[in-house]
Participant: 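I have a structure I would like to understand better, so I am pasting it below and will then ask my questions one at a time.
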Amino acid sequence: MADNARAKRLADLIREVIAQKLQRGIKDPRLGSHVTITDTRVTGDLREATVFYTVYGDDEERASVAAGLESAKGILRSEVGRAAGTKFTPTLTFVADALPENARTIEDLLDRARTSDAQVREASSGATFAGDADPYRKPGEDESDEKGAGA
C-alpha cells in the first residue's frame, strides 16, 4: 500500500497530464475548451483514479463531453502512464463534478434569505419596543420610591 503523499502527487500529476492532453492533444470536437478538470483522486493502492470534470453548457453538451471522455480514456491513460513512470498505470474513471449545481443552489438560497431579510427589515422599520424604555433597576435607586408609589 502506498502512502498518502505518493497518492496525492500521482493525483496531481494525472490532473495536469489530462488537462494538458485535453487542451492540446485530442482532436475530438466534443472535447472543446469548455471542459475543466476540477479534481483527481487516487486510491491508496494507486490502481484507480477518479477524475472530476465540469462542463460549461447545457445537458446535451455534458452528455457529449461524457461520451468523448469515455472514448478518449485509452489515450489519456497511456499519456498518464508515460508521464508517471509507475509500474502500473491507474485506470481512469470520469465523473461529472456537481460543484456548479451546488454553487447555484447555494446562491439561490442566499438570494432567498436576502429577500426575506429585506422584507423583515422593511416591516420593522417603524416598530417600537414593547414595554418601558428601560425596565431594569439601576444601582442607587431607592426601593422606597417604588414601594411608596405602589401603596
Side-chain angles (χ1 to χ4, degrees), residues 1-140:
M1 173 109 22
D3 61 350
N4 287 339
R6 186 172 179 198
K8 176 72 173 135
R9 282 193 311 268
L10 183 60
D12 291 342
L13 177 74
I14 290 171
R15 186 181 70 237
E16 299 221 0
V17 167
I18 289 176
Q20 287 176 358
K21 191 69 176 173
L22 286 176
Q23 187 177 21
R24 293 186 219 143
I26 296 182
K27 305 283 191 247
D28 194 343
R30 298 175 290 189
L31 301 174
S33 62
H34 54 279
V35 179
T36 303
I37 304 299
T38 57
D39 193 18
T40 307
R41 295 185 186 150
V42 178
T43 58
D45 60 356
L46 306 179
R47 296 283 181 159
E48 297 176 14
T50 305
V51 180
F52 295 93
Y53 66 94
T54 59
V55 179
Y56 298 107
D58 57 358
D59 290 334
E60 183 178 318
E61 288 180 11
R62 288 185 189 118
S64 70
V65 165
L69 286 172
E70 285 300 314
S71 70
K73 189 183 285 189
I75 296 169
L76 294 172
R77 186 174 180 216
S78 65
E79 274 301 312
V80 167
R82 190 173 302 125
T86 57
K87 185 176 184 179
F88 180 81
T89 303
T91 59
L92 301 176
T93 305
F94 292 97
V95 176
D97 200 353
L99 185 68
E101 289 82 20
N102 291 344
R104 193 172 310 120
T105 302
I106 290 172
E107 284 297 323
D108 292 342
L109 290 173
L110 289 174
D111 287 339
R112 214 177 311 155
R114 283 186 201 105
T115 305
S116 174
D117 287 348
Q119 290 172 350
V120 168
R121 195 175 310 114
E122 194 175 303
S124 67
S125 63
T128 59
F129 292 105
D132 295 333
D134 190 7
Y136 300 105
R137 292 184 186 165
K138 294 183 181 76

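Values in this document were obtained by computation on a predicted structure and should not be read as measured data.
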Participant: List for me each residue that meets salt bridge (Lys or Arg N to Asp or Glu O under 4.0 Å) alongside D39, sequence neighbours excluded, and say none if there are none.
Facilitator: R41
Participant: What residues form a side chain to side chain donor-acceptor pair (under 3.5 Å) with R82, not counting sequence neighbours?
Facilitator: E79
Participant: Go through the structure and list residues passing side-chain contact (heavy atoms from CB on, under 4.5 Å) with N102, not counting sequence neighbours.
Facilitator: A98
Participant: Name all residues meeting the side-chain contact (heavy atoms from CB on, under 4.5 Å) criterion together with R112; count only those two or more places apart in sequence or in a different chain, and write none if there are none.
Facilitator: L109
Participant: Looking at residues at least two apart in the chain, or sitting in another chain, which of them share a side chain to side chain donor-acceptor pair (under 3.5 Å) with T86?
Facilitator: none
Participant: Please evaluate residues E122 and Q119 with respect to the criterion side-chain contact (heavy atoms from CB on, under 4.5 Å), reporting the C-alpha separation (whole Å), side-chain torsions for both, the decisive distance (0.1 Å), and the verdict.
Facilitator: CA-CA 5 Å; E122 194 175 303; Q119 290 172 350; 5.7 Å; no
Participant: Roughly how far, to the nearest 0.5 Å, is the NZ atom of K27 from the CD1 atom of I75?
Facilitator: 10.5 Å
Participant: Taking atom CZ of R15 and atom CG of L10, what is their separation to the nearest 0.5 Å?
Facilitator: 11.5 Å
Participant: With a 3.5 Å cut-off and sequence neighbours excluded, list the donor-acceptor pairs that the side chains of residues 88-97 form with protein atoms.
Facilitator:
unit_1 : atom_1 : unit_2 : atom_2 : d
T91    : OG1    : R47    : O      : 3.4
D97    : OD1    : L99    : N      : 3.4
D97    : OD2    : T38    : OG1    : 2.7

Participant: Got a sec, which residues hit side-chain contact (heavy atoms from CB on, under 4.5 Å) with A11, two or more places apart in sequence or on another chain?
Facilitator: T40, V42
Participant: Answer yes or no: is there an ion pair linking D108 with R104, defined by an N-O contact shorter than 4.0 Å?
Facilitator: no
Participant: Who pairs with R24 by salt bridge (Lys or Arg N to Asp or Glu O under 4.0 Å), at least two apart in sequence or on another chain?
Facilitator: none
Participant: Would you sort out whether V65 and Y53 count as a side-chain contact (heavy atoms from CB on, under 4.5 Å), showing the intermediate values?
Facilitator: CA-CA 10 Å; V65 165; Y53 66 94; 4.0 Å; yes
Participant: Can you name the residues that form a side chain to side chain donor-acceptor pair (under 3.5 Å) with R77, not counting sequence neighbours?
Facilitator: none
Participant: Measuring from E60:CD to S64:OG, what's the distance to the nearest 0.5 Å?
Facilitator: 7.0 Å
Participant: Do I37 and I14 have side-chain heavy atoms sitting under 4.5 Å apart?
Facilitator: no
Participant: If the threshold is 4.0 Å, N to carboxylate O, is there a salt bridge linking R62 and D59?
Facilitator: yes
Participant: Please list, chain by chain and in numerical order, all residues satisfying salt bridge (Lys or Arg N to Asp or Glu O under 4.0 Å) with E70, sequence neighbours excluded.
Facilitator: K73
Participant: For A113, what residues pass the side-chain contact (heavy atoms from CB on, under 4.5 Å) criterion, not counting sequence neighbours?
Facilitator: none
Participant: Who passes salt bridge (Lys or Arg N to Asp or Glu O under 4.0 Å) against D111, sequence neighbours left out?
Facilitator: R114
Participant: Atom CD of Q23 and atom OG1 of T36: how far apart are they, to the nearest 0.5 Å?
Facilitator: 10.0 Å
